[in-house]
Amino acid sequence: MTLTIHNRFKGVLAGSAALLLVLAGCSGGDDRSTAEADTGQASSEQWPRTFTNTDGSTTTIEAQPERIVSTVSVTGTLLSIDAPVVGSGAGGNGEFFGQWADIAEDQDVETLWSAGSVDLEALISAEPDLIVTSASGADSLTDNLDELRDIAPTIVVDNAGQTWQELAEELGEATGLEAEAAAAVDEYDAYVADAASGIEVPEGTANIISFNGPGESNPIARAGSAQAGILTELGFEIEDPPVEWHTQPRTREDFVWATYENLTELTADTTFILTQNDEGARAFAEDPVLANLPSVRNGSVYGLGENSFRIDKYSATEIVDGVVENFGG
């Protein structure tokens, strides 16, 4: 499915809680009851909420969602903030992403369709009160928005142009789970900080390559990519590939699509291979054309992780764990 939506999401919360003053000296007053009444008033005043979609349109969410259906690239972030996901699209292979598939199974999330299609009958049967679709990618359902909105309020989020933390915050505001989103981010940040304190980062720079070999494009992560951001937080300095190597019509903020020949010009002392474990990274390390790269000569070629392509809290944590395994003291 093709999409040209690029505007960033902006959530708008309607209303705020009124602060009630309790007069001193009133007999028979119950401060706890008053506080509970205030909380109930605040909750009721926060709905409905208006969500601004990536195309600038708005969606009204009448009440806090209790049954959410989402496209697969968003589901992981929803699960990480404890959103009530009841159904989700799957990847092109008909399966959930490996980094959160077990969590979805534990929470009885139903597989409704595979990326590249949508099963409206299955969607109706799931009885969602909120549908979330990504703005881009094979799992985007923006071509079906009218049909989706006949079933339930539908929002479109930018899952590719921001960090998972930013997406979590926006989904938290849309679903009334702001506290859960903040807690998920705080937990992850603390995890990364602890990991960074326990590893020995090698000298020099590091790069991240999606290695496809001769005759193919071999995307190299830019310094602004989500994957590079994780390594930077852990203390690595990222080699930023020249933008002029990019072979596609549109420049991207996350990757440069480079030719196989361009790989020979890289200078990083450490290389991470996207979507591979350490064993899978051997294809790069053993490629005879790349034998003179500094990272290959150093024996410093590692897998970034089998689930490192799509970044959410779960895959980001897997990347951190892999770095600790390879560089931990």
Side-chain angles (χ1 to χ4, degrees), residues 1-12 48-62 65 67-81 83-97 100 104 109-164 166-175 225-226 248-255 309-312:
M1 299 182 181
T2 303
L3 180 65
T4 57
I5 299 174
H6 298 289
N7 291 337
R8 296 289 299 273
F9 158 104
K10 294 181 181 179
V12 179
R49 297 186 176 188
T50 301
F51 184 99
T52 302
N53 299 294
T54 55
D55 63 352
S57 65
T58 59
T59 298
T60 299
I61 305 172
E62 294 292 346
R67 297 182 61 82
I68 299 174
V69 168
S70 70
T71 51
V72 65
S73 59
V74 183
T75 303
T77 301
L78 284 167
L79 291 173
S80 73
I81 66 171
V85 181
V86 297
S88 170
N93 60 359
E95 299 178 359
F96 289 150
F97 295 162
W100 50 261
V109 178
E110 185 180 0
T111 304
L112 300 180
W113 58 76
S114 298
S117 64
V118 60
D119 187 336
L120 294 176
E121 291 185 2
L123 179 58
I124 293 171
S125 297
E127 300 181 338
D129 51 18
L130 180 67
I131 301 170
V132 185
T133 182
S134 55
S136 61
D139 68 328
S140 175
L141 302 179
T142 53
D143 290 340
N144 304 94
L145 286 179
D146 290 341
E147 296 166 296
L148 300 182
R149 286 169 175 160
D150 284 340
I151 298 171
T154 301
I155 62 175
V156 183
V157 298
D158 180 9
N159 60 301
Q162 58 186 330
T163 66
W164 77 261
E166 292 168 331
L167 179 59
E169 180 181 358
E170 294 173 352
L171 290 171
E173 292 173 353
T175 58
S225 68
Q248 293 191 338
R250 290 187 177 182
T251 301
R252 293 176 59 110
E253 298 297 324
D254 52 357
F255 281 85
F309 177 67
R310 300 174 181 87
I311 301 301
D312 52 39

* Asked: Listed by chain and number, what are the side chain to side chain contact (heavy atoms under 4.5 Å, CB included) partners of Glu95, not counting sequence neighbours?
  -> Asn93

* **Minimal non-hydrogen separation, Asp312 against Trp100, with atom names** => OD2-CD1, 3.3 Å

* Asked: Do Ile155 and Ile61 come close enough that some side-chain heavy atom pair is under 4.5 Å?
  -> yes

* To do: For Arg67 and Val86, indicate whether the former's side chain and the latter's backbone hold a donor-acceptor pair under 3.5 Å.
  => no

* To do: Might you work through the side-chain contact (heavy atoms from CB on, under 4.5 Å) test for Leu112 and Val118, ending with a clear yes or no?
  => CA-CA 8 Å; Leu112 300 180; Val118 60; over 6 Å; no

* Structure fact -> In terms of heavy-atom contacts, Ile81 and Gly172 come closest through CD1-N, 3.9 Å

* Structure fact -> Between Ser114 and Gly94 the two heavy atoms that sit nearest each other are OG-CA, 3.3 Å

* Atom CD in Glu170, atom OG1 in Thr52: separation rounded to 0.5 Å? -> 10.5 Å

* Heavy-atom donor-acceptor pair, Thr71 side chain to Ser134 backbone, under 3.5 Å -> yes

* Asked: By ring pair (Phe, Tyr, Trp, His ring centres under 6.0 Å), which residues pair with Trp113, not counting sequence neighbours?
  -> none

* Heavy-atom distance under 4.5 Å between the side chains of Asn144 and Thr133, does that happen here? -> no

* Asked: More than 12 foreign heavy atoms under 6.0 Å from CG of Asp150: is that the case here?
  -> yes

* Heavy-atom side-chain contact between Leu123 and Ile131 under 4.5 Å -> yes

* Can you check whether Thr75 reaches Phe96 side chain to side chain, under 4.5 Å on heavy atoms? -> no

* **Separation between CG of Asn159 and CD1 of Ile311, rounded to the nearest 0.5 Å** => 12.5 Å

* Within a strict 4.5 Å, meaning less than it, do heavy atoms of the Thr142 and Asp55 side chains meet? -> no

* Asked: Looking at CZ of Phe97 and CZ of Phe309, how far apart are the two atoms once the value is rounded to the nearest 0.5 Å?
  -> 8.5 Å

* **Polar side-chain atom of Asn53 near backbone of Val156 as donor-acceptor pair, under 3.5 Å** => yes

* Residues Ser73, Asp139; criterion side-chain hydrogen bond (donor to acceptor under 3.5 Å, both in side chains); working and verdict -> CA-CA 7 Å; Ser73 59; Asp139 68 328; 2.7 Å; yes

* Structure fact -> The reported gap from CD1 in Ile151 to CG in Leu120 (rounded to nearest 0.5 angstrom) is 5.0 Å

* Search all heavy atoms of Ala152 against all heavy atoms of Pro128 and return the closest pair with its distance. => CB-O, 3.4 Å

* Asked: Between CD of Glu147 and CD1 of Ile124, what distance do you get to the nearest 0.5 Å?
  -> 9.5 Å

* **Pair Val109-Leu79, side-chain contact (heavy atoms from CB on, under 4.5 Å): steps then yes or no** => CA-CA 10 Å; Val109 178; Leu79 291 173; 4.3 Å; yes

* Structure fact -> Taking every heavy atom of Pro65 against every heavy atom of Ile68, the minimum-distance pair comes out as CB-CG1, 3.8 Å

* Asked: Can you find a heavy atom in the side chain of Thr59 that is under 4.5 Å from one in the side chain of Leu130?
  -> no

* Which residues satisfy the salt bridge (Lys or Arg N to Asp or Glu O under 4.0 Å) test with Asp129, sequence neighbours excluded? -> none

